[in-house]
Amino acid sequence: MPEFQRPRGTRDFGPAEMAKRRYVEAKMRETARLFGFGEVMTPTFESTELFVARSGEGIIEELYAFEDKGNRKISLRPELTASVMRFYVNEMQNLPKPVKIFYFGNCFRYERPQAGRYREFFQLGAELIGAPSIESDAEVIALALATLKNLGLEDVVVRIGHLGVLNKFIDEFGVKKDTQIEIRRMIDKQDFESLNTLPDGATANKDVNDRLIKLIRLKGGAETIQKARELMDGGDPSLDYLADLLDRLNAYGFDNCQVDFGVARGLDYYTGMVFEIDAPSLGAEKQICGGGAYTLADLFGGQEVNSTGYAFGFDRIMLALEKSGVDVPSQNLEIYILPICDEAKIAAIKILSELRNAGISADMDLMSRNMSKAMKYANSVGAGKVIIIGEKELAEKSVTVRDMKTGEQARVLISELNDYL
RNA sequence: GCCCGGGUAGUGUAGCCUGGUAACAUAUGGGACUGUGGAUCCUCUGUGCCGGGUUCAAAUCCCGGUCCGGGCCCCA
């Protein structure tokens with residue numbers, strides 16, 4: 001029994017899994033780069049107040065919060081958006097607009113671990129700041145979709161909503177702000193029962209209520225917007241906005257987006273478009289991405305600025321890739337060198353170094369194993385080719401190169417080895 | 001915070017119901033076959049999540065904890 005166990009909800013990643021994770025990370029970074037987003041990094045911990053300012057007092061329960069030796073109230077970050085916007089307010093407000101940034105990092109939440117939910121997890125997100133246009137919203141959603149597409153993750157559902165639609169209904173209830181937030185929460189949870197018996201006497205308007213419930217059940221393509229118009233006495237500017245947004249996403253080449261008026265998101269700094277992406281294969285914790293248009297900089301003491309952003313749950317993407325059978329290459333060794341007599345070892349090291357200097361991943365037998373076991377080892381680490389050096393090869397300054405996939409072998413002069421490979 | 005199911009060599013499993021010598025496969029280490037080999041053969045090492053209870057005796061039954069998994073709550 002090991003003396004020390006990993007803390008609950010954390011994970012160790014071995015070489016094989018890390019190779020896959022790095023591969024996926026690289027793909028996602030590359031897509032962001034193609035879209036003109038630049039990477040930023042912020043501290044792993046921040047003042048607790050920052051997260052409270054973004055998400056409310058209730059969040060402290062789920063934070064890894066502590067006091068440091070200077071009695072500062074500190075928390076491990078539970079998400080990255082707050083840090084990135086804090087960074088923006090501190091140092092990036094005067095950059096030319098729009099500011100397009102993305103980030104990747106570990107986050108911490110004190111929650112009950114579950115499938116696809118850990119206490120230390122990884123997020124990759126992007127923010128487009130300072131361009132309050134429908135094109136910015138489209139650009140950000142397009143980046144999220146392109147990222148998934150480049151990873152080969154096809155089995156996803158994209159749902160786009162608009163808070164303007166919901167707010168119009170909520171205004172009609174004529175309730176206080178707290179109640180509005182509560183209602184939005186019910187909508188987010190699709191809690192129809194509570195919606196039928198709204199607090200503050202809002203149930204008085206049964207007709208509005210019925211139409212709201214019908215509305216948030218609407219889900220589908222562009223035709224859904226027309227149905228919504230009927231429920232909203234001819235329409236609303238936010239419906240036109242969604243229609244235009246779908247046109248733009250089509251132009252990007254994404255025609256699989258659904259409109260879903262039930263997407264509400266829990267927070268009240270979202271201002272307009274909101275979207276979520278699910279991977280249905282994942283079960284209860286199937287949401288792999290959430291985002292929308294928001295203003296947050298002013299909450300952190302900066303100038304009010306319109307932004308659009310999202311965050312991917314990186315771990316869930318890894319799970320979804322695995323469940324969907326998407327092939328994620330793990331790094332393999334290109335060359336394994338096997339000196340089979342003592343005299344060959346110096347020659348082996350020389351070749352090893354030359355290969356490495358030429359940028360070819362190479363390894364050699366360090367255990368003086370017999371050929372059978374050495375071949376078995378080379379096979380198990382996925383070596384592409386094995387170079388065998390023994391007395392015969394030494395005598396004629398050559399090596400034997402064996403292709404581990406085809407089984408073909410060739411005797412090659414050491415001086416010609418680079419060209420041969 | 002709540003409900004359910006689990007935890008047996010590194011890994012995957014059997015045994016648990018009905019208490020009595022912990023088993024199998026595979027992997028790792030070592031060895032043989034002494035340069036055409038990824039095979040085969042031999043061999044060492046290594047195991048009951050933790051704590052308590054019942055019992056002559058607990059992997060097995062009971063209680064508590066812990067971790068993992070499925071779900072609820074929550075999900076910024």
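Here the structure is a predicted model, which is why all the values come from computation and not from measurement. Just so it is clear: chains get the letters A, B, ... in the order the sequence lines come, proteins before strands, and each one is counted from 1.
- Residues A:F104 and A:F314 bring their aromatic ring centres within 6.0 Å.
- Applying a 4.0 Å cut-off to non-hydrogen atoms, the residues of residues 106-122 of chain A that approach RNA chain B are A:R109, A:E111, A:R112, A:Q114, A:A115, A:R117, listed by residue number.
- The gap from the C1' atom of B:rA59 to that of B:rG20 amounts to 12 Å, rounded to the nearest Å.
- Comment: A:E135 engages A:R248 in a salt bridge, judged by a side-chain N to carboxylate O separation of less than 4.0 angstrom.
- Of the residues near RNA chain B, A:P78 and A:R6, the one whose nearest nucleotide (by heavy atom distance) lies more toward the 5' end is A:R6.
- As a whole-Å value, the separation of A:M375 CE from B:rA39 P is 10 Å.
- Ion pairing between A:E49 and A:K73 fails under the 4.0 Å rule for side-chain N and carboxylate O.
- Across all strands, A:E62 comes closer than 4.0 Å to base atoms (heavy-atom distances).
- Listed pair A:R369 / B:rG29 meets the phosphate criterion, a side-chain N or O lying under 4.0 Å from OP1 or OP2.
- For A:I340, the listed nucleotide lying nearest its side chain is B:rG35; candidates were B:rG35, B:rG30, B:rC33.
- Figure legend. B:rC33 is base-paired to no nucleotide; pairs are counted as Watson-Crick or G-U wobble with both atom distances under 3.5 Å.
- In a base pair of the Watson-Crick type (N1 to N3 plus N6-O4 or O6-N4) or a G-U wobble (N1-O2 and O6-N3), with each distance short of 3.5 Å, B:rC24 is matched with B:rG12.
- Look at the P atom in both B:rC3 and B:rG65: the space between them is 10 Å, to the nearest Å.
- A:G291 comes within contact range of no nucleotide atom at all, as no heavy-atom separation falls under 4.0 Å.
- With both ends at atom P, the span from B:rG5 to B:rG64 equals 13 Å, rounded to whole Å.
- With sequence neighbours excluded, no residue forms a salt bridge (charged side-chain N to carboxylate O under 4.0 Å, His left out) with A:E334.
- Rounding to whole angstrom units, NZ of residue A:K376 and C1' of B:rA27 are separated by 8 Å.
- With both pairing distances under 3.5 Å, B:rG5 is matched to B:rC68 as a Watson-Crick or G-U wobble pair.
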Go through it in stages, so that I can follow the logic: the residues are A:I134 and A:Y241, the test is side-chain contact (heavy atoms from CB on, under 4.5 Å), and I'd like the CA-CA distance, side-chain angles, deciding distance and then a yes or no.
CA-CA 8 Å; A:I134 188 169; A:Y241 189 93; 3.6 Å; yes

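- Scanning residues 298-319 of chain A for heavy-atom distances under 4.0 Å to RNA chain B yields an empty list.
- Looking at heavy-atom distances under 4.0 Å, A:E393 makes contact with a base.
- Between A:Y252 and A:F35, the two ring planes are parallel [angle under 30°; tilted spans 30° to 60°].
- In this structure, A:R72 does not pair ionically with A:E67, as no charged nitrogen and carboxylate oxygen lie closer than 4.0 Å.
- Across all strands shown, B:rU54 remains unpaired; no Watson-Crick or G-U wobble contact has both distances below 3.5 Å.
- If you take CG of A:D12 and P of B:rC68, they are 12 Å apart, rounded to a whole angstrom.
- The CD atom of A:E343 sits 13 Å away from the P atom of B:rG35 (whole-angstrom rounding).
- In this structure, A:R29 fails the cation-pi test against A:F102, since its NZ or CZ atom is not both closer than 6.0 Å to the six-membered ring centre and inside 45 degrees of the ring normal.
- Cation-pi geometry between A:R159 and A:F275 is not satisfied (NZ or CZ under 6.0 Å from the ring centre, within 45° of the ring normal).
- Spacing of C1' atoms, B:rG7 relative to B:rC50, comes out at 11 Å, to the nearest Å.
- Here B:rG70 presents its C1' atom at 11 Å from CD of A:E285, a figure rounded to the nearest Å.
- The NZ atom of A:K385 sits 22 Å away from the P atom of B:rU36 (whole-angstrom rounding).
- Side-chain to base pairing of A:K373 with B:rG31: one donor and one acceptor N or O lie within less than 3.5 Å of each other.
- The C1' atoms of B:rU60 and B:rG6 are separated by 15 Å, rounded to the nearest whole Å.
- Of the C1' atoms belonging to B:rC16 and B:rC61, the separation is 10 Å, rounded to the nearest Å.
- The OH atom of A:Y377 sits 14 Å away from the C1' atom of B:rG29 (whole-angstrom rounding).
- Look at the C1' atom in both B:rG10 and B:rU45: the space between them is 12 Å, to the nearest Å.
- Seen from the ring of A:F45, A:R77 does not count as a face-on cation partner, given the 6.0 Å and 45° thresholds.
- Computed from coordinates, the A:L394 CG to B:rG35 P distance equals 14 Å when rounded to whole Å.
- In this structure, A:E30 pairs ionically with A:R33, as a charged nitrogen and a carboxylate oxygen lie closer than 4.0 Å.
- Out of B:rG30, B:rA39, B:rG35, the shortest distance to the side chain of A:S372 is found at B:rA39.
- Residue A:E391 is in base contact, counting any heavy-atom pair closer than 4.0 Å across all strands shown.
- Both the sub-6.0 Å distance and the 45° axial angle are satisfied by A:R21 relative to the ring of A:F122.
- As rounded to the nearest Å, B:rC33 and B:rC49 have C1' atoms that lie 43 Å from one another.
- Where A:R411 and A:L282 each meet RNA chain B at their nearest nucleotide, the meeting point lying more 5' is that of A:R411.
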